[in-house]
Number of protein chains: 2
Amino acid sequence: MTQFGTFVHAARRSLQAGDRRYSLRQVAKRISVEPSYLSKIERGQVAPPSEAATVRLAMELDQDPDVLLALGGKVSSDLQEVIRKRPRLFAQLIRELRDAPDHAVLRIVREVRDGDW
Amino acid sequence: MTQFGTFVHAARRSLQAGDRRYSLRQVAKRISVEPSYLSKIERGQVAPPSEAATVRLAMELDQDPDVLLALGGKVSSDLQEVIRKRPRLFAQLIRELRDAPDHAVLRIVREVRDGDW
DNA sequence: CGTCATGTGTCCTAAACACTACACACTCTC
DNA sequence: GAGAGTGTGTAGTGTTTAGGACACATGACG
């Protein structure tokens with residue numbers, strides 16, 4: 001939960017080191033939230049923001065949106081939509097892969113990408 | 001949205017035909033919601049219920065919980081958790097499979113189940 | 001005929017979610 | 001030493017979620 005804030009804070013600080021456009025206030029402004037809100041987010045004083053705000057934040061800080069959403073306890077709604085369209089199929093697949101090692105999942109991703117159906 | 005209600009109503013009615021324990025009231029009681037609430041759900045007068053209630057309802061009506069959750073616009077939280085634990089990996093996989101035909105996905109499921117990693 | 005069960009209408013609500021508004025203290029920098 | 005910019009504290013707000021309470025009319029049935 002405070003994972004999210006810590007991560008965001010670290011990412012912003014690291015950018016801020018080399019570019020003063022990454023102050024809390026300026027970042028807040030660019031992602032369209034109040035500075036005080038972003039401050040609270042970074043310090044874990046409030047729950048992670050909505051999906052939309054999280055994605056804007058990820059973009060701004062040059063981070064992977066799916067990772068940031070995950071830290072915020074969420075799953076991108078476009079992924080959810082894919083699952084909802086074929087729930088039995090994807091539910092089965094995902095549960096099957098729950099305990100598979102990364103490299104096994106990756107192998108499948110590559111297999112699929114090389115489009116062999 | 002009213003897909004959910006229609007589906008539930010149909011499932012319950014079909015069970016009720018052969019067994020009068022499947023009246024709206026009795027089902028409501030067994031899944032621990034107020035009859036008036038279940039009535040509104042079946043007629044799409046309110047949004048689909050929470051994940052927990054949806055799963056109880058699916059069980060009661062002998063339906064696949066993932067399917068019923070999908071009709072309710074939700075994705076089971078245990079699936080979400082799997083994704084959240086390895087967001088990049090699963091996000092990539094799922095997006096890759098978005099447009100894959102069912103049989104291709106099924107083939108992968110079988111492959112994985114035959115545990116070849 | 002009484003009563004039991006059925007489905008439904010109306011009203012209400014307690015939390016959670018997702019933020020905004022504004023004031024304050026500190027720092028730097030020109 | 002004035003102004004600009006920085007981060008933070010307090011308080012409050014609109015919306016959505018997820019239902020509960022209770023009364024009512026209708027119908028079945030013994």
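Within every chain, numbering begins at 1; the chains are lettered A, B, ... in the order of the sequence lines, protein sequences first and strands thereafter. The basis for the numbers below is simple: all heavy atoms, side chains too, and nothing from hydrogens, waters or symmetry mates.
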Student: If you compare every side-chain N and O of A:R12 against the phosphate oxygens of D:dG7 (OP1, OP2), does one of them come in below 4.0 Å?
Tutor: yes

Student: If I take atom NZ in residue B:K29 and atom C1' in nucleotide C:dT6, what distance separates them, rounded to the nearest angstrom?
Tutor: 14 Å

Student: side-chain hydrogen bond (donor to acceptor under 3.5 Å, both in side chains) with A:R30: which residues, sequence neighbours excluded?
Tutor: A:E60

Student: Can you tell me the distance, in whole Å, between the CD1 atom of B:I41 and the C1' atom of D:dG19?
Tutor: 9 Å

Student: How many Å lie between CD on B:E42 and P on C:dG9, as a whole number?
Tutor: 12 Å

Student: Would you please name every residue forming a salt bridge (charged side-chain N to carboxylate O under 4.0 Å, His left out) with B:R12, sequence neighbours left out?
Tutor: B:E42

Student: Reckon A:S50 has a side-chain N or O less than 4.0 Å from the OP1 or OP2 of C:dC17?
Tutor: no

Student: Rounded to whole Å, how long is the line connecting atom CD of B:Q16 with atom C1' of C:dA5?
Tutor: 11 Å

Student: Per the salt bridge (Lys or Arg N to Asp or Glu O under 4.0 Å) rule, which among A:R88, A:R86, A:K85 passes with B:D102?
Tutor: A:R86

Student: Separation of A:F4 atom CZ from C:dA18 atom C1', in whole Å?
Tutor: 13 Å

Student: Please give, in whole Å, the distance from C:dA18 C1' to A:E34 CD?
Tutor: 13 Å

Student: Quick one: is D:dT6 close enough that its OP1 or OP2 comes under 4.0 Å of any side-chain N or O from A:Q26?
Tutor: yes

Student: Starting from A:L97, can I reach B:L106 by hopping between I/L/V/M/F/W/Y residues whose side chains sit under 4.5 Å apart?
Tutor: yes

Student: Considering all heavy atoms of both residues, which atom of A:V82 and which atom of A:F90 are nearest to each other, and what is their separation?
Tutor: CG1-CZ, 3.7 Å

Student: Tell me which nucleotide among C:dT20, D:dA21, C:dG7 gets nearest to the side chain of A:V33.
Tutor: C:dT20

Student: For DNA chain D, what residues of residues 74-85 of chain A have any heavy atom nearer than 4.0 Å?
Tutor: none

Student: Hey, does B:L69 have a side-chain heavy atom less than 4.5 Å from the side chain of A:R84?
Tutor: no

Student: List, one per line, each side-chain donor-acceptor pair under 3.5 Å for residues 20-29 of chain B, sequence neighbours excluded.
Tutor:
| unit_1 | atom_1 | unit_2 | atom_2 | d |
| --- | --- | --- | --- | --- |
| B:R21 | NH1 | B:D19 | OD2 | 3.0 |
| B:S23 | OG | B:Q26 | N | 3.1 |

Student: D:dT8 phosphate, OP1 or OP2: any side-chain N/O from A:Q45 under 4.0 angstrom?
Tutor: no

Student: Check each residue of residues 51-60 of chain A for a non-hydrogen atom within less than 4.0 Å of any atom in DNA chain D, then write out the ones that pass by number, or none.
Tutor: none

Student: Holding to side-chain hydrogen bond (donor to acceptor under 3.5 Å, both in side chains), I want the full list of residues that pass it with B:R110, two or more places apart in sequence or in another chain.
Tutor: none

Student: Polar pairs (N or O, both sides) under 3.5 Å between protein and nucleotides 11-14 of chain D?
Tutor:
| unit_1 | atom_1 | unit_2 | atom_2 | d |
| --- | --- | --- | --- | --- |
| D:dA11 | N6 | A:K40 | NZ | 3.3 |

Student: Can you tell me if the side-chain N/O atoms of B:R43 get under 4.0 Å from OP1 or OP2 in C:dG7?
Tutor: no

Student: Applying side-chain hydrogen bond (donor to acceptor under 3.5 Å, both in side chains), name anything that partners A:R43, two or more places apart in sequence or on another chain.
Tutor: A:S39

Student: Shortest non-hydrogen contact from A:F4 to A:P49?
Tutor: CE2-CD, 3.5 Å

Student: Only counting residues at least two apart or in another chain, list the ones meeting side-chain hydrogen bond (donor to acceptor under 3.5 Å, both in side chains) with B:R13.
Tutor: B:Q16

Student: I'd like a table of atom pairs between the protein and nucleotides 23-30 of chain C - only N or O on both sides, under 3.5 Å - with the distance next to each one.
Tutor:
none

Student: Give me each pair satisfying side chain to side chain donor-acceptor pair (under 3.5 Å) with a member in residues 62-72 of chain B, each pair once, sequence neighbours excluded.
Tutor: A:R95-B:D66

Student: Taking the side chain as every heavy atom from C-beta outward, state whether B:L68 and B:V8 have any pair of such atoms under 4.5 Å apart.
Tutor: yes

Student: Side chain to side chain donor-acceptor pair (under 3.5 Å): which pairs involve residues 45-54 of chain A, sequence neighbours left out?
Tutor: A:E51-A:S77

Student: Using whole Å, report how far CZ of B:R20 lies from C1' of C:dA5.
Tutor: 11 Å

Student: When the distance from OH of A:Y37 to C1' of D:dT10 is rounded to whole Å, what number comes out?
Tutor: 16 Å

